[in-house]
Protein chains: 2
Amino acid sequence: MNNTTLKKISGLLGLSISTVSRALKNHPDISEKTKQRVTELADSLDYEPNANAIQLRTSKSNLFGLVVPSISNFFYHSFISAVEEESRKNGYALMILQSGDDPAIEILNLKLCRKSRISGLFACISNQTGNIDAYLKMKDLEIPVIFFDKVPELNNCNKICVADEASAAMAANTIILKNKKKVLAVFGNTNLSITKKRLTAFTKTMNGKIDLLVHHANSITEAEAITMECLPQKPDTVFCMSDEILAGAMKAIQRTGLKIPDDISVIAISNGFIPKLYFPEITYVETSGDELGRLAFSSMMACLDGSTFTQELTTMSVLVEGGSM
Amino acid sequence: MNNTTLKKISGLLGLSISTVSRALKNHPDISEKTKQRVTELADSLDYEPNANAIQLRTSKSNLFGLVVPSISNFFYHSFISAVEEESRKNGYALMILQSGDDPAIEILNLKLCRKSRISGLFACISNQTGNIDAYLKMKDLEIPVIFFDKVPELNNCNKICVADEASAAMAANTIILKNKKKVLAVFGNTNLSITKKRLTAFTKTMNGKIDLLVHHANSITEAEAITMECLPQKPDTVFCMSDEILAGAMKAIQRTGLKIPDDISVIAISNGFIPKLYFPEITYVETSGDELGRLAFSSMMACLDGSTFTQELTTMSVLVEGGSM
DNA sequence: TCGTTTACTGCAACCGTTTGCGGAAATGTT
DNA sequence: AACATTTCCGCAAACGGTTGCAGTAAACGA
């Protein structure tokens, strides 16, 4: 069984294609009687307009692109989930592409987006991305680009970010408030701007008040190893910059058999899933991918509505108390 | 700056559109010299063929659809990741839609797929899906459908599944081999076929050899509560049917302060992420979303190549030893 | 009864590509 | 020199919609 088209419907009804088209979009020129005849037949034939033909004719598509290093990541998938949901509610579809942190693939993905004539792009640049020309090309083509999370250091573009500084400061303040004396703080890869921001804000808020051991880890395993090394120095608190690091630190703590929060306290910056896997649940500063996603989407809609002024938005962070402090 | 089209290139070069089109696809009718002139200009103008026009003309698209209850799920995102990667490598894009287990949204998503004239669909039906007519309609339109994980009880369609029975049996056999005497086995929602299959195979393999406490849980919280209730009965092993249940059970075990594996052993069926968050790492039977994804993709390609015979495939499961037994 | 307005509907061009077919120029064959 | 082949290229229709414009019949006004 082939697809139903306007032509098919018009043939069956003895009307012209244009009349059918107008009837289906409730155009005032068409009589009620005709409209009804048309819609009835269209329904019974499961007519679905060909989105490709529409975009060809109108140069408007109902497709957004989303490029991201990897969807297999706690933070991103809540973000993606939110964007996808909002898109659907607004009649858009979402094409999701992942780069695996490979700049070559990233460029390929952007090409794919252009080929599909997306009408907007959500982008999180990979760690390795040096050159963002491919993204700028999008702007040349008047395709709005909303950068999220990992954004280029560039003015005049839309960015939606987690409040890195505020989150780190919030965590630091919590530690101070709880009267802790010696903190092991584990951060991520030194090259990432997210690490720099969180590290700076964290140490600045600490302001030398507390004995601080700062370390960096690139993976769960590294985080575990570093924590194991430092535990003998008896910190009373471990701060973890991310979920990945939290997972590693927790393994080390479980390995040594320390009790949380009696022997040691733990606090993290997290999207909220991992902290709830342990007992007691870990206290964390929440960076909501979901909220970020909705923010990104509304920013996209603003662009599409013709807003030309660019904005940099950050989400608020919230302290979620578990039993680990 | 507007998009470059064949027309624009042909105008600039004083050639016809058809010649340009052929030159770009390396058609033998076109001379080398012309080909070179064309490709050079096309490159410098960043020409990208309009995918919509192509699908309109050829009724072939480079788009696959993927509908799933939620991408925020450990198992699915590794599956999706794999399908997405394979798709990209083969020149396809992937449109990902989630239903949130709502049949109405599911139908909406399928409509969107048809509107976009996808050339193939990967589908995981939601728990609530009663009626799969919308999927059958796809088959009517000659759009291949590959069901994965949660598949309809229908013959004559392509299904890619985890080896539920084999996995559960493998877990049960491991427990027997380790000479355990009393097992708390926590399963998921009774209505799911996945639960039924795993439960049946598990108990059958156990064959009454071991003292068995069977319970069901629908969430992390429920799994934690149930485990808490049962621990006083001193099982020497906890079996968890899924990651969700494992997370709950682990919270209960941590709460009571039992030591793994000295006080109690733990084994699960899992995708492999959660078990590695604990120390000792949990022993689990792996159900690889990644492998499933690649299998699904190759099955899709077979359909597209004209293979009409339907197949039901299952992936092999592997025991991954942590230190929890 | 004869314009004029109103209410419907159809014509045709267009979006960007693909592709069967036919044609002109260049080359090869006697 | 006359004809047959190649080689290279363009014409035009088609895919499935949208939309400005024009056309027709019916209803209206005088």
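Just so you know, these numbers use all the heavy atoms, side chains as well, and skip hydrogens, waters and symmetry mates. Proteins get letters first, then strands, A, B, ... in listed order; numbering begins at 1 in each.
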Send over the distance from [X] [atom1] to [N] [atom2], rounded to a whole Å.
X	N	atom1	atom2	answer
A:Asn50	D:dT18	CG	P	10 Å
B:Lys33	D:dC8	NZ	C1'	11 Å
B:Leu6	D:dG10	CG	C1'	14 Å
B:Arg37	D:dC8	CZ	P	14 Å
B:Glu32	D:dC9	CD	C1'	15 Å
A:Ile30	C:dA7	CD1	P	13 Å
B:Lys115	D:dG16	NZ	C1'	14 Å
B:Lys35	D:dC8	NZ	P	8 Å

Is [X] reaching over with its side chain to a backbone N or O of [Y], donor-acceptor style, under 3.5 angstrom?
X	Y	answer
A:Ser116	A:Leu112	yes
A:Lys35	A:His27	yes
A:Thr58	A:Ile54	yes
B:Thr314	B:Cys161	no
A:Lys7	A:Ser16	no

Give every pair of a protein N or O atom and an N or O atom of nucleotides 21-23 of chain C that lie under 3.5 Å apart, one pair per line with the distance.
none

Practice problem: Identify whether the distance between the nearest side-chain nitrogen and carboxylate oxygen of A:Glu48 and B:Lys115 falls below 4.0 Å. | Solution: no
Quiz item: Under a 4.0 Å N-O cut-off, is there an ion pair linking A:Glu85 with A:Arg294?
Solution: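 Yes.
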Quiz item: Where along residues 51-62 of chain A does a heavy atom come under 4.0 Å from DNA chain C, residue by residue in number order?
Solution: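 Heavy-atom contacts with DNA chain C come from A:Leu56, A:Arg57.
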Quiz prompt | Sub-4.0 Å heavy-atom contacts from residues 12-21 of chain A onto DNA chain C, ordered by number | solution =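 Heavy-atom cutoff 4.0 Å gives A:Gly14, A:Leu15, A:Ser16, A:Ser18, A:Thr19.
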Self-check item: Neighbour count above 12 (heavy atom, 6.0 Å) for A:Lys139 NZ
Solution: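 Enclosed: over 12 neighbouring heavy atoms sit under 6.0 Å from NZ of A:Lys139.
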Quiz item: Under 6.0 Å from the CD atom of B:Gln36, do we count more than 12 heavy atoms belonging to anything else shown?
Solution: no
Exercise. Give the ring-plane orientation class for B:Phe122 versus B:Phe297, where under 30° counts as parallel, over 60° as perpendicular and anything between as tilted.
Key: parallel
Quiz item: Is A:Lys7 near enough to D:dG17 that one of its side-chain N or O atoms lies under 4.0 angstrom from OP1 or OP2?
Solution: no
Quiz item: Under 4.0 Å between a side-chain N/O of A:Thr34 and OP1 or OP2 of C:dT9, yes or no?
Solution: yes
Quiz item: Is it true that the side chains of B:Gln55 and B:Asn62 contain a donor and an acceptor less than 3.5 Å apart?
Solution: no
